[in-house]
Amino acid sequence: METKSPLPCPNTVTVRRNPHRRARPTPSTTAPQIPVPSSSSSTIARDIPSFPIQDILSIEIPQKGQSPTKLDLPSSSSSSTDAPVSENLRVYLRIRSLLPPKATVRNGSAGEQNHKSRAKNAWPQKLASKGSVRDKNAMKKSGEVCLTVNDFQSVTLSPPLALKESKRIKSEVYGGFSHVFPPKASQGEVYERMLKPLVEDFLKGKSGMLAASGPSGSGKTHTVFGSPREPGMVPLALQQIFKQSGGNNSETFRSFSISIFEITSERGKGEKAYDLSPDGTELSMQQSTIKGLQEVVISDAGQGGSLIARAMLKRATGMTNANSQSSRSQCIININSVANKVDEVGNNAVLTIVDLAGAEREKRTGNQGARLLESNFINNTSMVFGLCLRSLLEHQKNPKKPLQKHFQNSLLTKYLRDYLEGKKRMTLILTVRAGAEDYLDTSYLLKQASPYMKIKFNNVEESSIKNGNKRHVQALPRVEQPKRMKLSGLEAHVPEEGKCIGEEQGLSEEEASQIFRLDVNENATRKSDFPSLAEKERNHQIMQNFTKAIWNVLKQYNQKLKVAESEIQILKENLTNEKTRSLELGKELEDLKLCCTCSKGLHGDASLLKICTSPESIVELNGSNNFEEKDVDLHSSSLGASNCNDTLGKCDSCPRQDKYVFSQEKGGNFSLKLSGFDCVDNKQESDATESGSDVDIGNASCFCVENCNQQNYQVGDIYPRNGHDTGDLNESKSLGVKYNYPDADATEVAISCSRSHGIVRDDSCSSVELDQLLTKEDKESWDLPSSPKEDAAFTQACSDLDVLDSEPISGTPYRDLNLEKLSRKPLLASSIWPRDCSALDVDDGIMEPVDLLDPPQSQKEKVTFTKECEADDVPNIEPRVDSSRKLEKPKRRLLPASSILVRDFSALGVEDDVEKPKSNRAGRKLAMDERKTTQGRIALLRLLKITPP
Ligand SMILES: Nc1ncnc2c1ncn2[C@@H]1O[C@H](COP(=O)(O)OP(=O)(O)OP(=O)(O)O)[C@@H](O)[C@H]1O
């Protein structure tokens with residue numbers, strides 16, 4: 001026998017490979033690469049022992065600070081020193097046996113039931129094409145293998161013969177694995193080499209993760225969970241945890257809890273997380289934290305095992321062509337370790353084991369419909385998972401290249417963010433099948449995963465703890481709310497009252513009592529020590545941040561409130577200003593309205609503007625195109641604002657009638673047309689000597705002119721023409737009466753009163769000399785008194801008279817009366833009628849005042865005039881017809897006395913030579929017809945009335 005070479009293994013060995021394609025170098029493959037002798041090589045003599053290459057290769061090069069005695073424990077070596085150690089991502093490869101498993105029943109006694117329930121999930125399998133089925137069957141029958149193990153770190157992937165020939169695909173060697181588990185490797189071996197180091201670190205307070213990835217049906221679930229005969233990584237880890245912590249040592253009490261949940265997608269519509277622990281429900285995720293996940297405290301491996309078994313029953317599975325019990329979700333198991341002692345903060349750790357749903361090819365799985373959508377979700381998650389690792393690798397290669405945030409694209413990667421960003425230690429196990437029909441899946445996985453081996457993990461976790469990294473502390477399992485659950489039913493391992501815990505598990509009384517004690521002690525310790533200092537600190541930080549946030553929000557609201565208040569104040573001020581302005585404008589408008597009733601035709605040739613001063617009153621201003629604009633000019637240029645003074649009020653003479661008063665101080669030419677007023681009063685200051693305006697008072701029944709000169713008045717429209725026209729007035733409607741002020745120019749006043757009396761009154765005038773009013777012919781023909789006494793008497797009577805029948809006056813020849821004295825202002829001749837004519841009886845054409853004349857004797861017509869005087873007001877005289885005579889009631893209620901008088905005159909048979917005015921009003925026409933009395937007779941009658949008996 002040949003002795004073994006005592007020479008140490010060289011650090012670097014040149015390796016020649018055949019075929020030429022080299023395995024991808026990885027940092028972890030610094031160990032000498034020694035050619036793997038082919039097992040089928042016939043050149044090696046059977047009697048010569050093989051070179052102990054495996055033993056040599058299992059030796060890892062000692063790293064800095066590592067003791068040589070731990071060389072044979074590669075996985076746990078990194079945690080033996082305080083110095084930060086950089087280590088690569090460990091990637092393991094497990095090749096599933098091609099032989100059908102002898103027993104595929106999972107989860108012990110629940111297997112049968114589980115199988116039934118899963119059978120319900122069976123999905124109609126898509127029938128593959130006959131050709132491909134034939135090929136696969138042929139491949140299976142031929143036992144063709146596409147993956148061969150080169151050594152414990154590398155494999156060779158050879159395409160099936162068909163592909164090799166048709167597509168000229170060559171074999172590929174993939175190396176650099178932390179370890180390659182051949183098909184014959186048992187679960188125990190896998191655990192020992194792969195997970196045990198992680199568990200040991202976990203028990204020392206270092207978190208870690210193992211993720212199983214691979215094509216569907218390659219054995220991920222089998223590796224992670226195993227079967228009752230071949231327990232997987234989780235049960236084995238639990239056994240070790242409780243064995244090692246064994247821990248019912250009161251000095252190092254720990255609490256372990258398990259949380260298990262799955263992330264799935266129903267019919268491909270979004271991702272959802274479900275708690276797989278008993279009574280678990282749907283979960284929500286905020287950032288990288290799962291909310292509402294139950295952590296079931298376990299006190300032994302059995303409890304954990306049964307909890308896992310129950311969770312697996314709830315996990316979504318389905319049948320595909322690739323796997324009769326294919327996992328349809330990503331399953332995550334957390335084993336939490338919490339140190340009960342306050343000073344063991346750093347010993348809180350989480351061991352996470354992830355069973356990823358396997359990548360699926362439609363052709364391989366034959367998935368359709370909803371199952372196909374699930375495939376998409378599964379493949380998508382696998383892809384995102386891979387992208388995260390690729391991004392991490394590229395970032396580590398070139399730190400300038402930012403770490404992409406692919407983790408945001410799936411719930412799983414969000415949850416595993418710390419691992420995928422290299423902040424926590426992670427281990428990958430790739431499961432593959434070695435059959436020729438699995439070539440594509442295997443090739444895809446190996447190509448994708450081989451670069452991951454270069455990913456490095458700096459010992460971030462330890463340094464984070466030392467530096468008090470808050471994020472890390474927050475990332476620790478949430479121990480403040482462990483929902484301590486009692487497992488019920490047959491699988492419950494928590495002792496019930498009066499029942500020994502070991503009965504169900506067949507444990508001895510001693511073991512059971514130990515478990516029970518552990519549980520009791522846990523409770524006691526929890527009460528005394530929870531929450532730990534770290535949790536207190538964390539709560540404090542949370543509350544502080546929360547308070548700060550609320551304070552900031554309140555400050556912002558306070559500022560907003562102040563701004564709003566100032567705005568409100570400004571708005572209030574604006575409102576007040578606007579109100580004041582509105583009031584001012586209102587006043588201005590009122591003033592303007594009042595001023596606008598004063599009319600002035602600027603040019604005397606423009607259109608008419610009608611202004612409604614009251615519902616019944618319309619003022620027409622001739623010559624004003626635009627009242628608003630002209631109004632200013634109207635007042636300022638010609639009459640002046642102070643010169644124009646219009647008011648509406650009650651007539652002094654007839655208080656129940658609307659009165660329109662306009663006056664002017666200085667002269668100016670304007671044309672004013674009024675309508676709708678019962679009474680019009682035109683006042684003029686004494687110095688307003690220049691005037692030549694036209695004033696049409698419409699049908700006002702009362703018309704007063706004071707101090708006006710050079711005005712042309714047009715009054716009424718039905719008064720019989722009995723005078724000369726002024727030329728400016730409507731000939732058919734006006735009657736000119738001319739009289740002069742003593743010191744004024746000749747003024748023509750054209751007055752025609754229809755059914756009313758016209759009053760030209762001068763309050764300051766105490767007398768009127770008839771000499772000035774009457775022509776000589778008049779005097780002679782009428783035999784008027786000429787003495788001063790009579791004159792005085794006449795004047796007195798004149799002043800007392802304000803009820804005037806205009807018809808006789810207008811019918812008289814006194815049309816042009818020249819007033820010679822200014823002090824004696826003109827009085828219309830008709831005004832000499834006695835004011836107090838409470839009753840006038842007209843009999844046979846003789847009309848006498850009641851006081852002066854005898855009561856009328858006529859039996860034919862008797863009209864009584866009633867005077868209702870109030871103070872100095874003009875009385876409303878209504879015709880009072882004797883009740884015995886059924887006289888027709890006048891249409892107008894306040895029918896002027898004049899019209900009645902006229903009617904009565906007609907009854908007297910007095911002939912009138914006055915020309916009949918044109919009128920289209922039937923009623924008035926009739927009245928006109930009745931005014932057929934001679935002017936002379938009427939004048940005579942009047943004179944008789946005022947003559948004292
Ligand atoms: N190494 C192994 N030894 C024995 N049987 C195995 C092995 N690996 C897998 N199996 C069996 O193969 C079948 C499929 O395995 P498993 O369900 O673990 O695949 P998977 O990768 O989880 O698939 P999926 O992704 O579809 O869930 C199971 O019945 C399992 O028992």
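Remember, it's 1-based here, ligands and their atoms both numbered in the order they're listed.
Between Arg96 and ligand 1, an N or O atom pair is found at a separation short of 3.5 Å. Checked by distance only, ligand 1 and Lys220 come closer than 3.5 Å through their nitrogen or oxygen atoms. Between Gly219 and ligand 1, at least one N/O pair is under 3.5 Å apart. Below 3.5 Å of separation, one finds an N or O of His222 facing an N or O of ligand 1. For ligand 1, the polar-atom distance check finds no N/O of Asp355 at less than 3.5 Å from any of the ligand's N/O atoms.
Using a 4.0 Å heavy-atom cutoff, Gly214 is absent from the residues neighbouring ligand 1.
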- Message: Between Arg96 and Asp438, is the salt bridge (charged side-chain N to carboxylate O under 4.0 Å, His left out) condition met? List the steps.
- Response: CA-CA 11 Å; Arg96 180 191 158 183; Asp438 301 302; over 6 Å; no

- Message: Please determine whether ring-ring contact (aromatic ring centres under 6.0 Å, His included) holds for the pair Phe256 and Phe242, giving the CA-CA distance in whole Å, both sets of side-chain angles, and the decisive distance to 0.1 Å.
- Response: CA-CA 9 Å; Phe256 296 101; Phe242 284 99; 5.4 Å; yes

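In this structure, Tyr419 has its ring center at least 6.0 angstrom away from the ring center of Phe385. Checked against the 6.0 Å centroid threshold, His179 and Phe181 count as a close aromatic pair.
For the residue pair Thr223/Arg94, the side-chain donor-acceptor check at 3.5 Å is satisfied. Checking Thr264 against Ser329 by side-chain atom types alone, no donor-acceptor pair falls below 3.5 Å.
By the criterion of a heavy-atom distance under 4.0 Å, neither the backbone nor the side chain of Ser227 is placed next to ligand 1.
Close approach of ligand 1 to Pro215 (heavy-atom distance below 4.0 Å) involves ligand atoms 21 (O). For ligand 1, the atoms lying closer than 4.0 Å to a non-hydrogen atom of Arg94 are 1 (N).
Partner of Thr442 under the side chain to side chain contact (heavy atoms under 4.5 Å, CB included) criterion, chosen from Leu446, Leu445, Leu440: Leu446.
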